[in-house]
J.: 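Here it is: the structure, laid out below.
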Amino acid sequence: MSDNNHVMMQYFHWYTPSDGSLWKQVEEKAEELAAVGISALWLPPAYKGNSGGLDMGYGVYDLFDLGEFDQKGSVRTKYGTKDEYIRAIEIAHEFGINIYADVVFNHKMGADQAEDVEATPMSMNDRYQSLGDRQTIQAWTNFTFPGRKGKYSTLEWHWWHFSAIDYNSYDDQPDTIYLFQDKSFNDNVDLEHGNYDYLMGCDIDIQHPEVQGELKYWGEWYYDTTKIDGFRFDAVKHVSGNFFAEWLEHMRYHAKADLFAVGEYWSYEIEALHNFVTLTQGKVSLFDVPLQRNFHLASQQSENYDLSQIFEGTLTQGQSTLAVTFVGNQDTQPLQSLESVVESWFKPLAYALILLREAGYPCIFYPDYYGAHYKDYGKDGNEYEIWMDSYQWLLDKFLFVRKTYAYGDQYDYFDHPNTIGWTRLGTEECPGGIAVVLSNSGDGWKSMETGSPKTTYTDITEHIKETITTDDRGWAEFRCNGGSVSVWVPQG
Ligand code: CA
């Protein structure tokens with residue numbers, strides 16, 4: 001994707017309002033997003049969750065209810081109705097924006113009825129350690145979807161479609177997972193806690209033939225209904241990795257299109273990410289979680305962080321064609337579960353590093369573009385009020401540079417712990433190139449080659465007002481202010 005300088009936007013965050021307006025907003029904003037250079041939107045799960053109109057979508061209840069049936073206390077989802085979702089996708093397509101659907105295959109929540117099932121209690125912290133004998137438990141595992149009445153699919157889900165649950169309504173024990181009779185945790189998952197198949201809710205047994213058949217059938221139905229262009233797979237480290245490749249191949253065959261897919265594998269262990277890439281035969285991109293971690297650390301450690309190492313241990317460095325680069329998401333934002341905040345001063349630097357370089361498929365996070373303001377409770381139990389700043393002015397400039405100038409060979413000058421830079425030399429169609437300098441300490445400067453002799457450059461960020469002109473070999477000393485980034489483009 002990076003060949004054509006595509007850019008994705010994650011078009012929601014944890015605190016997106018529950019007023020059912022998001023799909024309408026996509027429809028309203030599609031034209032201006034396309035105009036500034038956004039080529040794809042990752043939209044949140046569009047199906048009904050356990051908390052109905054309030055559910056972010058990750059508490060999946062019914063994959064076939066896209067805001068159409070009166071279930072879980074609401075017809076619409078948190079983001080709108082099925083018709084509004086389909087309409088938003090149609091409008092986005094009119095402006096050339098692709099839509100990626102959020103797909104959760106790990107779990108379901110909010111069963112309609114309980115069932116008796118034989119299960120063995122296992123330790124939450126060591127998934128191979130049994131805590132007692134097999135026993136009869138009462139598990140909420142029967143999904144009958146009474147509001148949908150068998151429309152689109154007649155399959156009712158029962159305990160045998162799942163592997164385990166964390167709640168026994170007869171006699172619940174803390175920190176316990178109940179592994180159902182004749183089931184084992186799935187292989188090819190993350191190795192934390194011994195085996196990280198189980199995350200939450202009713203854990204789907206992805207090996208069960210009826211489950212595999214239903215998920216493939218659902219994929220066909222979803223594509224035919226919505227005409228989406230790709231997928232974002234949720235929580236992939238908790239599901240047998242090979243199934244994603246199998247399902248994606250099935251979908252590409254059905255759609256007769258090279259549908260895009262990116263997985264959320266939340267791990268700082270680069271080997272775990274490479275292992276998933278191998279399992280999925282390089283068909284599924286991954287969010288570059290280690291790079292986001294580096295941004296977080298760099299933003300906290302300021303001048304003590306060695307900027308020349310910013311891409312060390314990342315997917316962008318080792319597997320750049322499969323790396324989706326990002327600065328924040330709904331789990332890393334302030335007060336959320338994987339809180340890994342990139343401090344405000346560093347965000348322009350981080351976005352320059354993902355938007356203006358050759359490697360990676362960049363993803364802009366909604367609140368970094370529009371800003372956000374919310375209140376919630378932290379892990380310490382206190383309530384906090386959060387303002388996330390809007391960087392729209394700067395991001396629009398970066399998007400313009402990406403679209404107009406960020407082409408051709410890239411020369412890196414990652415030769416100093418506090419000031420790094422790079423140039424793009426441009427191409428015949430898009431001449432001039434760019435020069436980028438960033439510093440996490442005092443004012444920075446870097447002698448770099450642009451390939452364009454006697455050419456005058458201006459800093460599109462307006463941080464530095466003076467112009468810089470290259471010599472007759474195409475070199476110049478480019479500058480930036482302390483703790484800042486400057487992006488030098490040919491004077492118009
Ligand atoms: Ca699982």
Side-chain angles (χ1 to χ4, degrees), residues 45 47 49-50 55-63 102-111 115 117 119-130 137 139-143 155 157-168 175-216 218-219 231-248 261-267 269 272-273 275-277 279-280 284 286-287 289 331 337-338:
Y47 28 80
N50 184 28
D55 202 298
M56 263 192 98
Y58 295 109
V60 186
Y61 168 67
D62 185 359
L63 289 167
D102 206 317
V103 172
V104 183
F105 282 166
N106 182 64
H107 55 266
K108 290 172 88 69
M109 290 181 172
E115 300 176 299
V117 51
T120 307
M122 309 293 283
S123 165
M124 188 68 87
N125 300 313
D126 177 0
R127 304 299 172 80
Y128 291 121
Q129 191 199 337
S130 158
I137 70 162
W140 284 82
T141 43
N142 184 203
F143 293 76
L155 182 78
W157 292 62
H158 290 278
W159 67 263
W160 55 86
H161 298 116
F162 304 104
S163 301
I165 198 166
D166 64 355
Y167 189 74
N168 168 17
D175 301 322
T176 302
I177 299 169
Y178 299 90
L179 183 62
F180 298 156
Q181 64 185 68
D182 308 323
K183 298 285 186 180
S184 56
F185 292 119
N186 288 161
D187 293 329
N188 295 326
V189 296
D190 196 68
L191 300 177
E192 201 181 331
H193 307 305
N195 174 306
Y196 216 169
D197 182 5
Y198 189 87
L199 176 65
M200 60 172 86
C202 302
D203 188 67
I204 291 176
D205 179 6
I206 209 78
Q207 308 292 358
H208 195 289
E210 218 166 53
V211 169
Q212 295 199 348
E214 181 74 350
L215 294 181
K216 286 175 183 172
W218 171 77
F231 309 98
R232 178 266 185 190
F233 294 134
D234 182 60
V236 300
K237 73 174 181 178
H238 306 288
V239 180
S240 292
N242 31 318
F243 182 70
F244 292 105
E246 186 183 328
W247 188 84
L248 185 61
V262 56
E264 178 227 18
Y265 196 113
W266 198 267
S267 174
E269 305 291 332
L273 271 60
N275 186 47
F276 180 85
V277 167
L279 272 176
T280 49
V284 179
L286 285 176
F287 288 103
V289 173
D331 289 323
S337 60
L338 305 167

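Everything numeric in this text was worked out from a predicted model, so none of it was measured. Both counts, for ligands and for their atoms, begin at 1 and track the order of listing.
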J.: Distance check below 3.0 Å: does H107 bring an N, O or S atom to the Ca ion (ligand 1)?
T.: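 Given the 3.0 Å cut-off, H107 does not count as a ligand of the Ca ion (ligand 1).
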
J.: May I ask you to decide if the ring planes of H193 and Y196 are parallel, tilted or perpendicular, using 30° and 60° as cut-offs?
T.: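 Perpendicular, since the angle between the ring planes exceeds 60°.
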
J.: Can you name the N/O/S atom of D203 that is nearest the Ca ion (ligand 1)?
T.: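 Output for this pair reads OD1.
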
J.: More than 12 heavy atoms of other residues, nucleotides or ligands under 6.0 Å from CD of E246: is that the case?
T.: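 More than 12 within 6.0 Å, yes.
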
J.: Can you tell me how the ring of F233 sits relative to the ring of F244, calling it parallel under 30°, perpendicular over 60° and tilted otherwise?
T.: tilted

J.: Closest N/O/S atom of H238 to the Ca ion (ligand 1), by atom name?
T.: O

J.: Answer yes or no as to whether an N/O/S atom of N106 is found below 3.0 Å from the Ca ion (ligand 1).
T.: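 Short answer: yes, at least one N, O or S atom is under the cut-off.
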
J.: Report the residues that fulfil side chain to side chain donor-acceptor pair (under 3.5 Å) with Y128, sequence neighbours left out, ordered by chain and then residue number.
T.: N195

